[in-house]
Amino acid sequence: MRYDFSLVLKAVRDKFLLTQGELSAIVHISVGAITELERAKRKPSIASRKKINYFLVDNDYSLEMLVEDYKSIFEKDSNEQNNTHGSKS
């Protein structure tokens, strides 16, 4: 299953109690880019995705664990995507 990267970033920051600036310094992605990614104003590059994934792995965490911990957020997003796609038919 694919997840909205903006939700992944928000969940990562929430889980590790990080500001955008702190996450920026850790993963070497500019604060402006993190802001745009969280607002879904920009699509993440492969490099950005890898940096976030490496951060999770370095902290003995995984995307699957993140999704499980923030299940309600990801399920809501998944339901909204399904409703959007369903209403087009």
Exercise for review: Flag the pair Ser24 / Ile29 as yes when at least one side-chain heavy-atom distance between them is below 4.5 Å, and no otherwise.
Suggested key: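 SC-SC contact between Ser24 and Ile29 ruled out.
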
Check your understanding: Side-chain contact, heavy-atom cut-off 4.5 Å: Leu7 with Tyr70?
Key ->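 No, every pair of side-chain atoms sits at 4.5 Å or beyond.
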
**Study point:** Side-chain ion pair, Arg42 and Glu36, N-O less than 4.0 Å
**Key:**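 Yes, charged N to carboxylate O under 4.0 Å.
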
Check your understanding: Are Arg13 and Glu38 within salt-bridge range, i.e. N to O under 4.0 Å?
Key ->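 A salt bridge is present here (some side-chain N lies under 4.0 Å from a carboxylate O).
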
Verify, without hydrogens or angle tests, whether [X] (side chain) and [Y] (backbone) share a donor-acceptor contact under 3.5 angstrom.
X: Thr35; Y: Val31; result: yes
X: Glu22; Y: Thr19; result: yes
X: Lys15; Y: Leu66; result: no

Point to revise | Results of ring-ring contact (aromatic ring centres under 6.0 Å, His included) for Phe16 - residues two or more places apart only | key: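 Phe16: ring-ring contact (aromatic ring centres under 6.0 Å, His included) contacts with Phe55, Tyr61.
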
Practice item. Take Leu9 and Leu23, measure what side-chain contact (heavy atoms from CB on, under 4.5 Å) needs, and give me the verdict at the end. Key: CA-CA 9 Å; Leu9 269 184; Leu23 181 60; 3.8 Å; yes

Practice item. Let me see the working for Arg49 and Asn53 under side-chain contact (heavy atoms from CB on, under 4.5 Å), right down to the final yes or no. Key: CA-CA 6 Å; Arg49 289 178 182 271; Asn53 191 52; over 6 Å; no

**Study point:** Audit row: Tyr54, Val27, side-chain contact (heavy atoms from CB on, under 4.5 Å) steps and yes/no
**Key:** CA-CA 8 Å; Tyr54 292 149; Val27 298; over 6 Å; no

Practice item. Check the hydrophobic clustering (I, L, V, M, F, W, Y; side-chain heavy atoms under 4.5 Å; chains of links allowed) and say if Met65 and Val12 are grouped together. Key: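 Yes, Met65 connects to Val12 through the hydrophobic network.
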
Practice item. Working to the nearest 0.5 Å, report the span between NZ of Lys41 and OG of Ser6. Key: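 Rounded to the nearest 0.5 Å, the NZ-OG separation comes out at 11.0 Å.
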
Check your understanding: So how far is it from Ser30 OG to Leu37 CG, rounded to the nearest 0.5 Å?
Key ->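 Atom-to-atom, Ser30:OG and Leu37:CG are 8.5 Å apart.
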
